[in-house]
There are 2 protein chains.
Amino acid sequence: MEYNAKQIQIIEVAERLFADKGFAGTSVRDIAQEANVNVSMISYYFGSKEKLIEALFAMRMGESRSRMETLLSNEDLIPIQKINVLIDSAIDRLMGNQCFHNIMMREQLSSERTPTITEHIRTLKLRNIQLMQQLIEEGQAIGAFRKNIDLSLMTTTLYGTINYAIATQDFYKRINGLEDMEEAEFQIHLRRKLSQHLKSLFKSTVTNEHHNQD
Amino acid sequence: MEYNAKQIQIIEVAERLFADKGFAGTSVRDIAQEANVNVSMISYYFGSKEKLIEALFAMRMGESRSRMETLLSNEDLIPIQKINVLIDSAIDRLMGNQCFHNIMMREQLSSERTPTITEHIRTLKLRNIQLMQQLIEEGQAIGAFRKNIDLSLMTTTLYGTINYAIATQDFYKRINGLEDMEEAEFQIHLRRKLSQHLKSLFKSTVTNEHHNQD
DNA sequence: TTTTACTAATCAAACGTTTGTTTAGTAAAA
DNA sequence: TTTTACTAAACAAACGTTTGATTAGTAAAA
């Protein structure tokens, strides 16, 4: 599906509002007003409000297709470096599309699921976990990584930490006395902190450099 | 505030529906029907739909007051054991109140904030991080823990991982081939796995047993 | 060149439903 | 009698969607 300029404008406004107020909490009139279009244009272009959010997912999913994968397969890095690239790439992806990932998070919290959206999310999560699996197995093959690593929960920690950090960034600001920092600067600060934290976490957990297991 | 049996019944139904479909996605008629009461009882008892969710927060916050704190101050455990108690207690609390914490998560994702609820969440998060701080400082004081630990992000990883694991438990089931496991059994399984994973993660990250820093 | 036929984009208005809340009333309890 | 617990009905407002009309543009026919 290709979208014209006006359709993209509507989708982008909808994305911001859905992230702010939820799908049910956003009216088509809200979207129309902010996007400076007539209410009926949403039905005209997308068929329904429901199909608008599906169009949003279709668009964003189409964009993100395999950026990480190529990033990793080419270079000849050692396993822990590849893990670090994976971490930074996940941080960039989530922090750079906060609205969309906010909507994805809401969708996963909900039991009122749209099949096509559920499928999109499943595909994305599968891709993420398989990439992680590949990297960890590479490290294990050359004896650099521990044998018993819980793949699912390692992935859960990676994405759970980033998502939760984004969701609670106001609290983070306040706790760390960064309320006066400029927004753009704060975003960079948070990225760097997350990067350091997650790399340190993964390094000490997956590598073989320490005795483990209780 | 004290609530009678019927009020509690309404609150508990509302909690389940808000968790499933979101606040805006749940109508007062949905709640009334599932709770077998007249629609007007919600306004009668709580004043408004908005004040109903505030009552829910008031009730749940009142329940959870300082269970962990006492659990930790008494016993004479070594620092890493206290961290382990903290982890298990957080898992129990979040897994045992999935609906409520689902609503809390949604509330944090939203920018349409009710001041009293925001304040409740802030209080809870502050309590969590201060407890973590206390335990980590104890460990650092006797030289058992590393010096430079990012307190905020350690807490973010703890709660982020648990919350995300709960939100994506269907995916976890499928990935690990546990679709046929009975629900109660699965909940226990997930708790144990989370416990092992987080304890291993924290142990290797906060203790001094390895060289660190890049 | 002018006319005709057709299409896509846009609009204000209206449609029927559902929303949260209020009202007016009833019946039992105090 | 007054208070409390509860209800059915009604309310205005907001909801997603549809409608019929208008505009601007294109392309073939005259």
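Residue numbers begin at 1 in each chain, while the letters A, B, ... track the order of the sequences. These numbers come from the heavy atoms of this one structure, side chains and all, not from hydrogens, waters or symmetry mates. All values derive from a computational prediction rather than experimental measurement.
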Visitor: Return the pairing partner of D:dA28 with a 3.5 Å limit on both distances, Watson-Crick or G-U wobble; otherwise return none.
Guide: C:dT3
Visitor: Considering Watson-Crick and G-U wobble pairs with both distances under 3.5 Å, what does D:dT22 pair with?
Guide: C:dA9
Visitor: Between P on D:dA5 and CD on B:Q9, what's the gap in Å once rounded to a whole number?
Guide: 15 Å
Visitor: Is A:Y45 near enough to C:dT10 that one of its side-chain N or O atoms lies under 4.0 angstrom from OP1 or OP2?
Guide: yes
Visitor: If only atom types and distance count, is the side chain of A:Q169 paired as donor or acceptor with the main-chain N or O of A:I166 below 3.5 Å?
Guide: yes
Visitor: Find the distance A:L17:CG to D:dG16:P and express it as a whole number of Å.
Guide: 12 Å
Visitor: Return the value, rounded to whole Å, for the distance between atom CE of A:M41 and atom C1' of D:dG16.
Guide: 16 Å
Visitor: In whole angstrom, give the distance that lies between atom CG of A:N38 and atom P of D:dG20.
Guide: 16 Å
Visitor: Between B:I31 (CD1) and C:dT19 (C1'), how many Å, whole number?
Guide: 12 Å
Visitor: Which is true for B:S43 with a 4.0 Å heavy-atom rule: it touches a base, it touches only sugar-phosphate, or it touches nothing?
Guide: base
Visitor: Would you mind reading off the distance between A:N4 atom CG and C:dA8 atom P, rounded to a whole angstrom?
Guide: 13 Å
Visitor: Any base atoms under 4.0 Å from A:S40, or only sugar-phosphate, or nothing? Heavy atoms, all strands.
Guide: base
Visitor: Backbone N or O of A:L17 within a donor-acceptor pair of the A:T26 side chain at under 3.5 Å?
Guide: yes
Visitor: Could B:D88 and B:R191 be called an ion pair, given the rule that one side-chain N must be under 4.0 Å from one carboxylate O?
Guide: no
Visitor: Looking at A:E63 and A:R93, is there a salt bridge between them, counting it only when a charged N and a carboxylate O are closer than 4.0 Å?
Guide: no
Visitor: In whole Å, I'd like the distance from the CG atom of B:D30 to the C1' atom of C:dT18.
Guide: 10 Å
Visitor: Taking the side chain of B:S27 as its heavy atoms from C-beta onward, which of C:dT19, C:dA9, D:dG16 lies nearest to it?
Guide: C:dT19
Visitor: Between B:V37 and A:G25, just flag the one whose closest nucleotide in DNA chain D comes earlier from the 5' side.
Guide: B:V37
Visitor: Between A:R122 and A:E119, does any NZ, NE, NH1 or NH2 come within less than 4.0 Å of an OD or OE carboxylate oxygen?
Guide: yes
Visitor: Looking at B:Y44, does any N or O in its side chain come under 4.0 Å of the phosphate oxygens OP1/OP2 on D:dA5?
Guide: yes
Visitor: For D:dC6, does OP1 or OP2 lie under 4.0 Å from any side-chain N or O of B:K6?
Guide: yes
Visitor: Take the protein atom CD1 of B:I42 and the nucleotide atom C1' of D:dA5, then report the distance between them rounded to whole Å.
Guide: 15 Å
